[in-house]
Amino acid sequence: MTAVLRKHNLCSLRSFLTPQHNLRLYPRILIASAYGLLHTAAEPQHSVEAAKKLVPCEHLEQNQAKPISLAQNHGEFVISVIKSITLKTQLAQVHAHILRTSLVQDPKVSLHFLTRVALSGPLQDTNYARYFFGQISYPSVYLYNTMIRAYSVSNSPEQGFYLYRDMRRRGFCIDPLSSSSAIKSCIKIQYLLGGVQVHGCILKDGHQSDSLLLTALMDIYSQCGKCDEACKVFDEMPQKDTVAWNVLISCYIRNNRTRDALNLFHVMQSGSYKCQPDDVTCLLLLQACAHLNALEFGERIHGYMLEHGYCASKLSNSLIYMYSRCGCLDKAYEVFIATTNKDVVSWTAMISGLAMNGYGRAAIEAFEEMQRMGIRPDDQTFTGVLSACSHSGLVDAGMAFFHRMSEEFGITPNVHHYGCVVDLLGRAGVLDQAYQLIMSMVVKPDSTIWRTLLGACRIHGHVSLGERIIEHLIELKAQEAGDYVLLLNMYSSASQWEKVAEVRKLMKEESIQTTPGCSTIELKGVVHEFVVDDTSHRRNKEIYQMLDEINAQLKIAGYVVELSSELHKLDDKEKQYVLAYHSEKLAIAFGVLATPPGTTLRVANNLRVCVDCHNFMKIFSWVYNRDLIVRDRNRVHHFRGGHCSCSDYW
DNA sequence: ATAGGGTTAG
């Protein structure tokens with residue numbers, strides 16, 4: 001028997017070692033394998049000697065492939081070989097070897113092998129993993145788990161879910177890891193129904209107290225827009241750790257409940273929970289502050305970060321972003337200067353911040369300074385620079401950057417770049433050139449590009465081009481309420497009421513809804529939210545009284561309601577009434593009511609501020625002698641003494 | 001024996 005075994009192994013060994021060039025290329029693995037094979041022979045001492053004869057000694061010393069303990073068996077040895085594999089070709093060799101020796105059916109060996117193929121960085125190859133997995137007659141739970149996990153990170157995650165289901169059908173004992181990987185697969189493809197099924201399984205398996213599983217579940221509900229479900233899972237968690245809180249916060253941010261997200265910062269630290277926010281919490285909350293223009297809250301987070309020594313560059317860059325979006329460039333710059341090792345992201349954050357606030361030339365200077373510091377701009381840096389040019393009306397400079405980008409830096413323009421340039425030309429009134437540029441794009445123009453030009457048509461009252469653009473959008477099946485609103489704007493500016501009625505009818509038929517305007521204002525770290533005609537605030541009555549008073553004051557100072565901002569076909573008196581209660585005005589009125597004279601007011605709006613509100617704000621800043629900082633979708637407007645930082649509207 | 005959850009910095 002031993003003789004047969006020895007003969008068999010030595011044969012394998014010979015076949016394994018035959019090609020000389022392989023020995024040169026992969027000495028370590030071959031030597032190791034040689035040892036491994038020989039160790040299974042009946043007389044190990046002899047085997048080692050034999051191996052030394054087969055494999056030149058210098059290789060042995062060079063690669064420190066010392067003979068391992070004789071007590072270890074072949075399988076363990078092969079595992080150590082598997083662990084040392086660094087190349088795909090070696091992987092194939094070992095694969096062939098374990099097939100030949102039937103080691104492939106050894107659960108430990110196959111698990112190690114699959115792990116390397118399925119999950120380990122450079123060797124990762126899902127197809128190979130699938131092929132290998134298919135060769136196992138009786139896969140263990142671990143092998144299944146590893147395979148599901150492999151699928152979940154591959155580009156066919158649905159397979160992970162199917163395998164999980166298959167595993168359950170076959171009656172395997174499911175452990176939390178299986179379900180966790182299955183959820184990951186579902187998250188990747190936003191497969192809510194799959195997530196719900198796994199949720200049911202988790203309850204059936206009795207894993208409903210596993211925090212890690214429950215956070216994964218929250219995440220899938222969150223990513224599929226099921227905020228309430230995510231909250232329910234959170235509420236039922238026996239132990240809520242920081243990660244769970246972070247998932248809840250990111251869920252709120254993702255699902256437009258930014259204000260609730262901010263509130264959690266205090267709730268999580270409160271008496272009953274006593275959970276410490278970590279660096280991820282800070283990062284998420286800074287994003288929320290940036291959304292809401294909540295400077296004071298952002299400063300509070302900043303203070304908390306300093307207190308706890310959270311100063312990773314990711315957080316610095318988030319701070320720069322938050323301060324810029326809140327219109328607080330001094331602070332953004334302060335953080336930027338204090339950031340050691342400024343990388344391309346830090347520079348881009350600063351450049352975009354300057355651009356957003358209307359400091360086009362400063363943004364360009366920063367761009368040049370960045371290059372002097374030897375930091376190479378990337379595509380996003382150019383998005384910042386180009387938007388700086390478009391916001392500041394620097395047409396020639398913008399076009400020059402656009403050309404340099406591809407010629408000098410080899411960056412192919414993407415939709416954002418084209419968007420900026422179309423915006424640049426559009427604002428400058430060169431609409432036809434902008435149209436030509438879009439038509440000449442190598443990549444198919446997307447709806448955003450068309451929408452940008454549509455916005456320019458609205459500014460310049462170019463109705464016929466606007467109609468053509470709507471057709472392009474319809475062709476892309478991408479028309480949104482906002483597009484029709486712009487078209488409506490154009491028609492109503494041109495008093496084409498029949499067309500207005502036509503478009504309204506179309507919108508109603510296709511049940512296209514307009515996004516309601518919503519403004520927020522932060523006072524003492526508390527964010528107050530208003531929608532148009534909002535009457536839900538507890539100081540509602542006072543707010544409307546104050547707004548009426550402000551309107552009266554501004555009229556004395558020469559403010560005239562810009563009626564073209566209202567789309568409805570109403571008589572002028574009715575229009576005035578509707579325009580008077582736009583959400584940004586309500587927020588400003590509340591600000592006046594609740595702060596001492598002279599306090600800067602900061603308002604954020606989810607849409608673009610309309611022409612009438614823009615005029616209102618200018619005159620307000622002068623009559624009430626207050627600085628007013630208003631952030632809409634992508635710009636920060638600074639109002640002071642009757643002027644706006646943006647010289648013209650938009 | 002697998003080694004599991006949150007950040008997608010601009």
Side-chain angles (χ1 to χ4, degrees), chain A residues 75-76 79 82-83 106-116 118-120 139-150 152-153 175-185 187 207 210-220 222-223 230 233-234 237 239-254 277-288 290 310 312-322 324-325 332 335-336 339 342-356 363 366 370 375 377-385 387 416:
Chain A
E76 279 175 31
I79 288 171
I82 292 171
K83 283 182 178 165
D106 177 319
K108 279 192 198 173
V109 172
S110 55
L111 182 57
H112 272 101
F113 191 87
L114 186 68
T115 307
R116 288 312 300 270
L119 304 169
S120 95
S140 64
V141 171
Y142 303 127
L143 216 62
Y144 264 103
N145 287 352
T146 307
M147 196 60 224
I148 295 172
R149 197 163 132 68
S152 76
V153 297
D175 66 10
L177 211 61
S178 328
S179 305
S180 162
S181 302
I183 297 173
K184 272 200 133 179
S185 302
I187 288 178
H207 294 149
D210 190 312
S211 305
L212 274 73
L213 264 185
L214 295 181
T215 20
L217 266 182
M218 281 174 66
D219 204 28
I220 187 163
S222 154
Q223 297 207 27
V233 175
F234 180 80
M237 276 175 82
Q239 277 146 348
K240 307 177 201 323
D241 61 9
T242 304
V243 177
W245 284 99
N246 289 347
V247 178
L248 188 64
I249 291 171
S250 80
C251 172
Y252 281 162
I253 293 176
R254 204 190 295 270
D278 65 4
D279 50 342
V280 175
T281 320
C282 293
L283 193 98
L284 291 168
L285 290 174
L286 286 177
Q287 284 179 15
Y310 298 144
S313 70
K314 268 193 188 183
L315 285 171
S316 288
N317 296 335
S318 298
L319 277 173
I320 298 170
Y321 177 70
M322 184 277 290
S324 319
R325 269 188 85 90
V335 176
F336 175 73
T339 306
K342 292 185 246 315
D343 60 6
V344 62
V345 181
S346 327
W347 281 98
T348 305
M350 196 65 238
I351 290 169
S352 309
L354 289 164
M356 200 185 297
M370 164 188 178
I375 309 285
D378 66 9
D379 53 341
Q380 293 201 55
T381 319
F382 274 101
T383 307
V385 173
S387 78
H416 301 289

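So you know, we letter chains A, B, ... as the sequences are listed, proteins then strands, and number each from 1.
- Residue contacts for Ile351(A): at a heavy-atom cut-off of 4.0 Å it reaches no nucleic acid atom on any strand shown.
- Residue contacts shown for Val247(A) are limited to sugar-phosphate atoms, with no base heavy atom under 4.0 Å away.
- Comparing dT7(B), dA1(B), dG4(B) by their closest approach to the side chain of Val280(A) singles out dT7(B).
- Ser316(A) comes within 4.0 angstrom of nothing in the nucleic acid, heavy atoms only.
- Expressed to the nearest 0.5 Å, how far NZ of Lys83(A) lies from NE2 of His112(A) amounts to 4.0 Å.
- Put simply, Lys184(A) has a side-chain N or O that comes within less than 4.0 Å of OP1 or OP2 on dG5(B).
- Side-chain atoms of Thr115(A) lie closest to dA3(B) of the nucleotides dG10(B), dA3(B), dA9(B).
- Closest contact between the side chain of Arg149(A) and the listed nucleotides dT2(B), dA9(B), dA3(B) involves dA3(B).
- Contact of the Asn145(A) side chain with the Val141(A) side chain is registered, since non-hydrogen atoms from C-beta on lie closer than 4.5 Å.
- Checking dT2(B), dG5(B), dT7(B) against every side-chain atom of Asp175(A), the shortest atom distance belongs to dT2(B).
- Contact annotation: His112(A) side-chain N/O to dT2(B) OP1/OP2 distance is under 4.0 Å.
- A donor-acceptor pair shorter than 3.5 Å cannot be found between the side chains of Thr339(A) and Ser346(A).
- Residue contacts for Ser178(A): at a heavy-atom cut-off of 4.0 Å it reaches no nucleic acid atom on any strand shown.
- Note: CG (Asp279(A)) to C1' (dA9(B)) measures 12 Å, nearest angstrom.
- Picking from dT7(B), dG6(B), dG5(B) the nucleotide with the shortest atom distance to the side chain of Gln287(A) gives dT7(B).
- Environment of NE2 in His416(A): sparse, with no more than 12 heavy atoms of neighbouring residues, nucleotides or ligands closer than 6.0 Å.
- Taken from CD in Gln380(A) to OG in Ser352(A), the straight-line distance is 8.0 Å, to the nearest 0.5 Å.
- Taking only side-chain atoms of Leu177(A), from C-beta outward, the nucleotide of dA3(B), dA9(B), dG10(B) with the closest atom is dA3(B).
- Looking at the side chain of Tyr142(A), the nearest of the listed nucleotides dG6(B), dA9(B), dT2(B) is dT2(B).
- Tyr310(A) has its OH atom 21 Å from the P atom of dA9(B), to the nearest Å.
- Atom CG of Leu217(A) and atom P of dG4(B) are 17 Å apart (whole Å).
- In the set dA3(B), dG10(B), dT8(B), the nucleotide with an atom closest to the side chain of Leu283(A) is dT8(B).
- Rounded to a whole Å, the NZ atom of Lys240(A) is 15 Å from the C1' atom of dG5(B).
- A donor and an acceptor atom never sit less than 3.5 Å apart when one is taken from the side chain of Asn246(A) and the other from the base of dG5(B).
- Nearest to the side-chain atoms of Ser313(A) among the listed nucleotides dA1(B), dA9(B), dT7(B) stands dA9(B).
- If you check every strand for non-hydrogen atoms under 4.0 Å, Asp278(A) touches a base.
- Expressed to the nearest 0.5 Å, how far CG of Leu111(A) lies from OG1 of Thr146(A) amounts to 5.0 Å.
- At whole-Å resolution of the value, CD1 in Ile148(A) and C1' in dG5(B) are 17 Å apart.
- Between the side chain of Asn145(A) and the base of dG4(B) there is no donor-acceptor pair of N/O atoms closer than 3.5 Å.
- The interatomic distance linking Tyr321(A) (OH) with dA9(B) (P) rounds to 11 Å, in whole Å.
- Contacts of Val344(A) with the nucleic acid, taken as non-hydrogen atoms under 4.0 Å apart, include base atoms.
- Using a 3.5 Å distance cut-off with no hydrogens or angles, the side chains of Asp278(A) and Thr242(A) do not pair a donor with an acceptor.
- Residue Ala349(A) places its side chain closer to dG10(B) than to any other of dG10(B), dG5(B), dA1(B).
- Between the side chain of Ser180(A) and the base of dG4(B), no donor-acceptor pair under 3.5 Å is found.
- Across the protein-nucleic acid pair, Tyr252(A) atom OH and dG6(B) atom C1' stand 16 Å apart, rounded to whole Å.
- At least one side-chain nitrogen or oxygen of Arg254(A) sits closer than 4.0 Å to the OP1 or OP2 atom of dT7(B).
- Across the protein-nucleic acid pair, Glu76(A) atom CD and dA1(B) atom P stand 10 Å apart, rounded to whole Å.
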